[in-house]
Structures are given as C-alpha cells and as structure tokens.
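Reviewing the structure listed below.
By convention in this document, chain letters (A, B, ...) are assigned in the order of the sequence lines, proteins followed by strands, and residues within each chain are numbered from 1. In this text, all values refer to a predicted model and were calculated from it rather than measured experimentally.
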There are 2 protein chains.
Amino acid sequence: MTRRKQAVTRRKSRIIDEMHETVRGLHEIGLIDKRRMSEFEALCHLDVEEMTPRKIKSLREKTHLSQAVFAAVLNTSVSSVQKWEIGDKKPSGPSLKLLNLIERKGIEAVL
Amino acid sequence: MTRRKQAVTRRKSRIIDEMHETVRGLHEIGLIDKRRMSEFEALCHLDVEEMTPRKIKSLREKTHLSQAVFAAVLNTSVSSVQKWEIGDKKPSGPSLKLLNLIERKGIEAVL
DNA sequence: TAAAATATATCACTTAGTGCAATAGTTTGC
DNA sequence: GCAAACTATTGCACTAAGTGATATATTTTA
C-alpha cells in the first residue's frame, strides 16, 4: 500500500516537474502573466491525503511529542488530537493540511 | 504598529535564542533527554497571533491568489475564506496556524 | 512502590465549516 | 464599448468538528 502510493506520488511529481518547467517557460516568454504563474505554483502541490487514526498517532510519535505539545503546535486542543487518534473525529481541512505538511516536511516546517 | 511589533518579536527571539543554547547545552551534558529537548523545540515558536478580517484579506492579496486558490492551498472551502475576510466567521485554531505560517514564512512554506 | 506525566474515554455544548444559489463587481478579449 | 468569464459578496440552513471538563486507565520516572 505504502509502496504503491509512493510510486504514484513519484510519477506524479515527475509530470508536475515537467509541467512546471513548461509553464515557467511560458511565463518568461510572456504568454502568461505573473498572477497566473502564482496560481499555477500554488495549485501544484495541493493534494492532501487522508490519514487514518493510526497514521496520525504514529506521525505524532515520530516527532516525540506528547499529545499536549503536538496539539499546541497545531494550535488545536488536546481533546481534538485525542479524537483524531482514536477515530472519534476526523481532522478538518486545515488540520489535515498541517498533518500533511508535518508528514512531508517534518515538524520544523510548521514551527 | 508594525514597527513596534517587529521590535517585540526581535527582542523575544533573542531571549529564545539564548534559552535555546542553554537547553541545548543541558542536553549535551545529558541533563535533559532527547524527548524533553524535542518538546522544548516545539514549544519555542508557538505563539499564534489573531488576525482581523482585513489582515487576512491583505495577506491573501499579497500572495496574488484568488479566494478559490487560497482556499485550496489551506485545504478549506471558498466559503470559509470569504467569511474570514468579511468577519462573519473567525478562522479556527489550525486555520489560524496556517495563516500565521504564511505570514511569517511565505506561501511556499505551506505548499 | 509511590508519584507524576500521558493517554483514553464520555458528555454536553458551541461554533466553524460547508454547499448552494443569487447578486454584484471586476477583468479580459473581441 | 460590449459581452463573456472570472471573482467576490451575501444569506440561509445544516453538519460535524472543536472544545472543556472530568474521571479513569496506562505508562514513565524517581
């Protein structure tokens, strides 16, 4: 499962990288303005993956942070983190975004 | 206003920097374990500032992104971004965290 | 073993988040 | 200039995440 997803991700970013160069070229030629360029950049890495309770918990444990501190980092409540890990509630959009950031870039990325 | 805040921030980080060195030293001596060290690191930069509707809007405009794309970046709905900017709703904890990250580190930090 | 820190669990409540639809304003291209 | 496309504003109704408090395991540390 993990392997398959990584493969997909890798293939996707290769394609995105090429698109990126292409669009950047179009921008330099003047075919698309700076604004469109910005929007393109932003839309590049927007895929946010769902996370199971177990995954959230293991993600936190990888950072060696208690639920309390982890919650503080995400600017949410301990109660929320607990419920995510148990599966009682699912993290909201922005919460999921933060969890993805931590997973992809490490905890420092959100400090 | 901006100037005053920058000053405060600067003074604060100087203190934090010293604390950081101190704690790192304690860690190297072996007085605190790696886990405590992690928690300390995490707790360093946890102050999240409130944002007025106008500030949110100007923050988005600085990134040259439409409400729709900005919402996508934060993994939230257009409706939510609109209400933040109007003042109808206030961004939740994790949302506010993301907005702060963008303000401090730029939009790339959350991509 | 005792004490302290962490984590789990439940309950009741609040409010942010969401989707839709209708309108108004702004750019863009012909 | 006009029309089309995009963007933003507003209101409404509903859902579910978020929260706080509290009590109870569980684990860690002294």
Side-chain angles (χ1 to χ4, degrees), chain A residues 26-27 30-40 42-43 46 48 50-100 107 110, chain B residues 26-27 30-40 42-43 46 48-100 110:
Chain A
L26 292 176
H27 171 50
L31 278 182
I32 66 175
D33 57 14
K34 207 166 75 179
R35 185 177 170 196
R36 298 282 173 200
M37 188 66 197
S38 291
E39 300 218 340
F40 171 78
L43 283 168
L46 287 189
V48 173
E50 295 292 317
M51 301 185 79
T52 64
R54 295 199 61 223
K55 183 156 192 178
I56 296 176
K57 178 160 191 165
S58 77
L59 177 61
R60 173 179 64 83
E61 287 171 342
K62 253 187 271 181
T63 66
H64 303 287
L65 297 181
S66 66
Q67 290 179 335
V69 176
F70 195 71
V73 170
L74 298 191
N75 199 31
T76 188
S77 66
V78 180
S79 185
S80 292
V81 172
Q82 287 172 347
K83 283 169 188 180
W84 297 343
E85 295 189 356
I86 296 167
D88 192 357
K89 297 280 173 65
K90 290 161 62 177
S92 70
S95 302
L96 199 57
K97 175 77 184 191
L98 281 171
L99 292 174
N100 271 258
I107 194 78
V110 299
Chain B
L26 292 177
H27 171 51
L31 277 182
I32 65 175
D33 57 14
K34 208 167 73 178
R35 186 176 168 193
R36 297 281 173 203
M37 187 66 197
S38 291
E39 300 218 341
F40 170 79
L43 282 169
L46 286 190
V48 172
E49 81 168 306
E50 294 293 316
M51 300 185 80
T52 64
R54 295 199 61 224
K55 183 157 192 179
I56 296 176
K57 177 158 192 165
S58 77
L59 177 61
R60 174 177 64 83
E61 287 169 342
K62 252 187 271 182
T63 65
H64 303 286
L65 298 180
S66 65
Q67 290 179 335
V69 175
F70 195 72
V73 171
L74 299 191
N75 199 30
T76 187
S77 66
V78 180
S79 185
S80 292
V81 172
Q82 288 172 347
K83 282 167 190 179
W84 296 343
E85 295 188 357
I86 295 167
D88 191 358
K89 296 282 171 65
K90 290 162 62 176
S92 69
S95 302
L96 198 58
K97 174 77 184 191
L98 281 171
L99 291 173
N100 271 257
V110 300

Taking 4.0 Å as the cut-off, does a side-chain nitrogen or oxygen of [X] come that near to OP1 or OP2 on [N]?
| X | N | result |
| --- | --- | --- |
| A:Ser77 | D:dT19 | yes |
| A:Trp84 | D:dG18 | yes |
| A:Ser95 | D:dG18 | yes |
| B:Ser92 | C:dA16 | no |
| B:Arg60 | D:dA8 | yes |
| B:Thr76 | C:dT18 | yes |

Below 3.5 Å between N/O atoms, which protein atoms pair up with nucleotides 22-24 of chain D? Just atom names and distances, please.
none

I'd like to know if B:Lys83 reaches the base of C:dT18 with its side chain, counting only an N/O donor and acceptor under 3.5 Å.
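Answer yes: a donor N or O sits under 3.5 Å from an acceptor.
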Would you kindly give the [atom1]-to-[atom2] distance between [X] and [N], to the nearest whole Å?
| X | N | atom1 | atom2 | answer |
| --- | --- | --- | --- | --- |
| B:Gln67 | C:dT26 | CD | P | 14 Å |
| A:Leu65 | D:dT28 | CG | C1' | 17 Å |
| B:Ile86 | D:dG11 | CD1 | P | 8 Å |

Between [atom1] on residue [X] and [atom2] on residue [Y], distance to nearest 0.5 Å:
| X | Y | atom1 | atom2 | value |
| --- | --- | --- | --- | --- |
| A:Glu61 | A:Arg54 | CD | CZ | 9.5 Å |
| B:Asn75 | A:Leu98 | CG | CG | 10.0 Å |
| B:Ser77 | B:Gln67 | OG | CD | 10.5 Å |
| A:Ile107 | A:Leu59 | CD1 | CG | 7.5 Å |

Looking at the side chain of [X], which of [options] is the nearest nucleotide?
| X | options | result |
| --- | --- | --- |
| B:Ser66 | D:dT7, D:dT10, D:dT19 | D:dT7 |
| A:Lys89 | D:dA8, C:dG19, D:dA17 | D:dA17 |
| A:Asp88 | C:dT10, D:dT19, C:dG19 | C:dT10 |

B:Lys97 (side chain) donor-acceptor with B:Val48 (main chain) under 3.5 angstrom:
no
